[in-house]
Protein chains: 2
Amino acid sequence: MDQSTSPQGGQALLFLTDEQLRKGIEAMFFAYRGFTADPDRILSEWGYGRAHHRAVHFIHRSPGTTVNNLLSILGVTKQSLNRVLRTLVADGLVESRVGQIDKRERHLYLTDTGAELERALSDAQRDRMRAAYRAAGPEAVAGFRQVLEAMMDEDMRRHYEALREKGKT
Amino acid sequence: MDQSTSPQGGQALLFLTDEQLRKGIEAMFFAYRGFTADPDRILSEWGYGRAHHRAVHFIHRSPGTTVNNLLSILGVTKQSLNRVLRTLVADGLVESRVGQIDKRERHLYLTDTGAELERALSDAQRDRMRAAYRAAGPEAVAGFRQVLEAMMDEDMRRHYEALREKGKT
DNA sequence: CTTGGAGTGTCAACAAGGCTGACGTATCCT
DNA sequence: AGGATACGTCAGCCTTGTTGACACTCCAAG
């Protein structure tokens with residue numbers, strides 16, 4: 001395709017050999033496995049799966065978020081998300097409050113139990129992330145984040161960058 | 001848990017605030033989605049899923065690999081892998097040859113068609129990886145790889161590092 | 001006030017791709 | 001000869017994704 005695709009073509013310029021890129025691809029694959037291993041263990045103890053983890057994580061991050069908002073972040077159908085939310089509400093981990101301004105919307109909050117699960121999950125995941133960060137060092141971390149951000153789709157980057165936007169209950 | 005878990009505790013020392021770590025976690029989540037988006041599109045055209053991608057990728061990387069070896073790399077059950085391999089063999093993308101030294105083993109190879117799919121998939125994935133690498137720059141890439149390697153489980157790092165070991169057909 | 005549409009919940013049916021358990025067969029090794 | 005190994009396969013179950021269809025509530029525009 002371009003010069004960097006040929007075996008040694010762009011190496012002097014940009015070191016992007018197919019072999020380098022393949023290593024990066026496999027690194028993503030193997031690392032993502034490690035990344036999810038600990039939460040998966042905890043989730044199975046609670047009888048949940050990754051879908052529940054994602055929901056709990058983003059509800060914790062943005063308390064009061066609406067179902068629709070969650071849908072666009074998670075990128076799944078409402079039927080799929082609803083199944084997960086239903087069990088979380090039924091099990092008392094998530095509270096779904098009817099919106100005050102717009103009563104069609106449901107605003108989602110973690111209960112104490114929900115917060116407990118979230119804490120167990122994020123503690124485990126942070127521990128591994130922290131260990132990796134420490135092993136790699138500050139400069140490596142900066143590079144890590146730069147590459148990951150460059151790998152995201154546009155809309156995902158929007159969600160990624162959005163931290164605080166709603167402060168009302 | 002330790003000093004870096006408290007809001008500002010370890011920042012001066014290691015900048016590892018919960019917020020920083022959370023950002024890293026979400027970056028992994030969103031980036032992995034981007035990472036798999038292009039292959040997923042191609043796979044659905046061929047009527048396959050990610051499981052087929054993984055099999056095809058590692059057979060391409062290590063032609064003649066055995067089923068057992070593939071199992072340990074992919075970390076799935078033989079029943080699960082077998083279902084995927086069966087369709088790939090039936091569709092003529094993968095060839096399964098009885099071992100010459102040990103006739104119990106089956107050695108796996110891509111056919112021309114299989115290589116064609118692999119090429120389409122890895123081209124797409126490399127394109128995105130290359131774009132991300134270029135956008136982030138060489139130093140960032142080094143850091144990216146360092147952090148990912150530190151995030152892997154032990155056995156995964158072994159597979160990740162193993163490039164060539166078998167040269168015989 | 002009526003009506004269209006947005007936001008949400010839910011039922012049903014289906015598929016991919018994990019899992020466990022059990023069994024059979026061929027082959028190798030001791 | 002007998003146990004271990006490599007592989008395939010059948011059967012059943014679970015999670016999590018999909019479509020399609022339908023109902024309900026409410027806001028806003030006409």
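Chain identifiers are assigned alphabetically (A, B, ...) following the order of the sequence lines, protein sequences preceding nucleic acid strands; residue numbering begins at 1 within each chain.
With hydrogens and angles left out, the side-chain atoms of A/Thr36 and A/Arg50 include a donor and acceptor closer than 3.5 Å. Counted by atom type alone, B/Glu26 and A/His57 present one or more donor-acceptor pairs between their side chains at under 3.5 Å. For A/Asp91 and A/Thr87, the side-chain atoms include no donor-acceptor pair closer than 3.5 Å.
Distance CZ (B/Arg106) to P (C/dC28): 11 Å, rounded to an integer number of Å. Straight-line distance from the CD atom of A/Glu105 to the C1' atom of C/dG9: 15 Å, rounded to whole Å. Protein atom CG of A/Leu74 is 18 Å distant from nucleotide atom P of D/dT15, rounded to whole Å. One interatomic measurement links the two molecules: CG of A/Leu43 to P of D/dC14, which rounds to 18 Å at whole-angstrom precision. One interatomic measurement links the two molecules: CG of B/Leu71 to P of C/dG18, which rounds to 12 Å at whole-angstrom precision. Atom-to-atom, CZ of A/Arg33 to C1' of C/dG18 comes out at 12 Å; the value is rounded to the nearest Å. Counting to the nearest Å, the P atom of C/dA26 and the CD1 atom of B/Ile101 are 21 Å from each other. Nucleotide D/dA6 holds its C1' atom 11 Å from the NE2 atom of B/His107, rounded to whole Å.
Contact check, B/Asn68 against D/dT5: no side-chain N or O comes under 4.0 Å of OP1 or OP2. Neither OP1 nor OP2 of D/dC24 sits under 4.0 Å from any side-chain N or O of A/Arg104.
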Self-check item: CA sep, side-chain torsions, deciding dist, call: B/His107, B/Thr66, side chain to side chain contact (heavy atoms under 4.5 Å, CB included)
Solution: CA-CA 5 Å; B/His107 298 267; B/Thr66 65; 3.8 Å; yes
Self-check item: B/Leu93 and B/Trp46: CA distance, side-chain angles, deciding distance, side chain to side chain contact (heavy atoms under 4.5 Å, CB included) verdict
Solution: CA-CA 11 Å; B/Leu93 303 208; B/Trp46 288 60; 4.2 Å; yes
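Stacking of B/Arg97 on the aromatic ring of B/Tyr109 is recorded, both the 6.0 Å distance cut-off and the 45° axial limit being met.
Within a heavy-atom distance below 4.0 Å of DNA chain D, the residues of residues 76-86 of chain A found are A/Val76, A/Thr77, A/Gln79, A/Ser80, A/Arg83. Within residues 44-58 of chain B, no residue has any heavy atom closer than 4.0 Å to DNA chain D.
Residue A/Phe29 forms a ring pair (Phe, Tyr, Trp, His ring centres under 6.0 Å) with just one option from B/Tyr160, B/Phe35, B/Phe58, and that option is B/Phe58.
Summarising the geometry of B/Ala37 relative to A/Asp153, their closest heavy-atom pair is CB-OD2, 4.2 Å, with the distance given to 0.1 Å.
Applying the 6.0 Å contact sphere to CD of A/Glu139 captures no more than 12 heavy atoms from other residues, nucleotides or ligands.
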